[in-house]
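Notes follow the structure.
In what follows, chains carry the letters A, B, and so on, assigned in the order in which the sequence lines appear, proteins first and then strands, with residues in each chain numbered from 1.
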Amino acid sequence: MITISVKVEFSGGLELLFSNQRSHTVTIPSTDPATSKPTNLQNLIFHLRDNLLKERVGLFVENDTVRPGILVLVNDTDWELEGEGDYVLKDGDEIVFISTLHGG
Amino acid sequence: MITISVKVEFSGGLELLFSNQRSHTVTIPSTDPATSKPTNLQNLIFHLRDNLLKERVGLFVENDTVRPGILVLVNDTDWELEGEGDYVLKDGDEIVFISTLHGG
Amino acid sequence: MALGSQAASVVVVGAGGLGCPALQYLGAAGIGRIGVIDHDHVELSNLGRQILHSEETVGMPKAESAAQALKRLNSHLVVDVITVAISAQNAMSLLEPYDIILDCTDNAPTRYLLSDTAVALGKPLVSGAAQKFEGQLCVYNLGDAGPCYRCLYPKPPAQDMVGTCEETGILGVVTGVIGNMQALETIRILTGLHDKKPTLLLFSALGSPQFRTIKLRSRKATCPACGTADDKSGIIQDTDYVQFCGGPRPDWEKRGLVNG
Amino acid sequence: MALGSQAASVVVVGAGGLGCPALQYLGAAGIGRIGVIDHDHVELSNLGRQILHSEETVGMPKAESAAQALKRLNSHLVVDVITVAISAQNAMSLLEPYDIILDCTDNAPTRYLLSDTAVALGKPLVSGAAQKFEGQLCVYNLGDAGPCYRCLYPKPPAQDMVGTCEETGILGVVTGVIGNMQALETIRILTGLHDKKPTLLLFSALGSPQFRTIKLRSRKATCPACGTADDKSGIIQDTDYVQFCGGPRPDWEKRGLVNG
Ligand SMILES: [Zn+2]
Ligand SMILES: [Zn+2]
């Protein structure tokens, strides 16, 4: 099975859901077995939910996407500019999930 | 002639010597014609001195290297860790020249 | 440095952890008129990060205490002290007199209210936030294409992920860095030195690197606040921002879960 | 946030543009003992960025004025007011009592002197610098392998490239950002939250991105100050730091080249 490796970071409190660890290296098949299409960001979100999340799944995923208040970044760019879940992952990509902060 | 293209940035006041422009894209032969070796950082410094510098050459180069107080960065790393002038340039590299600041 | 900004006016909502350092450098820069909106009073526990207040001003309204500190720096400053709570009913009239709005508040409902109001008034909103060791900075509604807060966060976050500084603790200097950057972005806009590209600055005191600059989406045509739909009248007055964000914040302190 | 650092002591050299914001957040964090070294007096023109001083303290020694401001924030702070000029003769004894040294000065000779002294005393040196729209921050002599100032800059820069804040102008908030970051790095070291990797933070108020973190070389075995050579006795007392950096700074103001 051919795999790709991406760097995943959590911040703004989201890291608390992932073993309180901000930085993870995630290896994932380069093709989605279900659709035979190249693995995209949506696949990664499900992969994180199913394999990395330790608790309170509902605080990360809701209605099959990230929960409101979470921003997704692809190589320091808002995922909205990259096609959101349809963005096809490349080996070495850096994906950041941040929870928006409200304190002051 | 095969060329490579690198991004060059000047800051800390050094940009004043280079048309007051911080960011430059520099295209340079991939091989040094004099030695037939791959182009390195030392070649780039001479190239900048001979082609981009508008005035006061002595404020940038002294004794065939950058003047004291200037730090050279290769892709956000101190050039000392990359072999200094011997570092072989790759297409797309980002080279930064900063003058150390003393104000407060 | 003279900024030629004596004719400019800014309003800072919140004179706490973010508002204090922002106000300090806006005052030092000689901004002509500065509004300070805060209805809280200074408490001794604030002094670990709210650096314009002092032991002498404990009990005083924060807006008044901040204004006194600014005047020590520059007695010529014109500071409007506004000690009422900002709300959907008064936001438009309170913010209208100023060129730029700074969001230095500490809760989600007020952040949505300030964004909607900034859009309705056509003014940039320099927004800072901080929590524990992290901070975020973004200028909303800037120029012709800058997104608003709702463009980025169309739906409010779940209550259970929302912390306030009291609940989660905060490192004072994190608010200092973000508040200073809010002053800087404000000065850049006033002096025409801002490139107006929509970006989000992420700061993590313990991260490596500590700062990260993110390229953001542009304004969204479908945004209920700043999009292209014709009729947005009443969006502010008709919104219950607290309910929109999931109702009143649980009082963790009363429940004995955190120390006051 | 309580830092458990009441027992710690730090010394800030320079109570100007960088020293004021650094001191402010060190004081707010409740550092047990803070030394302030500065022999200058407050001038009205300082108030655009030296935010601990005020119209009332114009004419007062900056170290004294800064101490007063810190005590307003927290009357329990122990602040040592040191109004002598730091020199090769007194640096060791002035800095020896403190755990960490902050370089908030504005000239090259003092920067070399502080680095050499920090190495001789085996203490970390949290060094900030700012000019116009740019700032730089580095912690020297940190841990077992952190480089000193001379490791990076073995030879002093040419006089004609050296500007001071008076000559080159400075945007106040740039010193605010760097000074705050100096306080943060100091607190990280005191609390054991610093990863001790040698890095240089570059800040450019108008850059895109505004912050850049650089990976730095380790300590150099050949460094005359912190290297492995046996005998370094006398390196400080026997160095004329002003001559080492090319003699006294030309007085541009007297020559009529800049406005005072
Ligand atoms: Zn919008
Ligand atoms: Zn050294």
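Residues of residues 88-98 of chain B that come closer than 4.5 Å to chain D, counting heavy atoms only, are B/E94, B/V96, B/I98, ordered by residue number. Of all residues in residues 214-222 of chain D, those placing a non-hydrogen atom less than 4.5 angstrom from a non-hydrogen atom of chain B are D/I214, D/K215, D/L216, D/R217, D/K220. Using a 4.5 Å cut-off between non-hydrogen atoms, the part of residues 199-209 of chain D that approaches chain B consists of D/L200, D/L202, D/S204. Residues of residues 30-42 of chain B lying within less than 4.5 angstrom of chain D, judged on heavy atoms, are absent.
Atom CG of D/D144 sits in a sparse spot, with 12 or fewer heavy atoms from other residues, nucleotides or ligands closer than 6.0 Å.
Side-chain contact between B/S99 and D/Q131 is absent, with no heavy atoms from C-beta onward closer than 4.5 Å.
Rounding to the nearest 0.5 Å places NZ of D/K132 at 5.5 Å from CG of B/L16.
Smallest separation of non-hydrogen atoms from D/R49 and B/G104: NH1-O, 3.3 Å. Closest approach of D/E134 and B/L101 over heavy atoms only: O-CD1, 3.5 Å.
Here the side chain of D/R212 pairs no donor or acceptor atom with the backbone of B/D76 at under 3.5 angstrom.
If you measure heavy-atom distances from D/P156 to chain B, the contacts under 4.5 Å come from the backbone alone. With a 4.5 Å cut-off on non-hydrogen atoms, B/R56 does not touch chain D at all. Heavy atoms closer than 4.5 Å to chain B are found in the backbone of D/T213, but not in its side chain.
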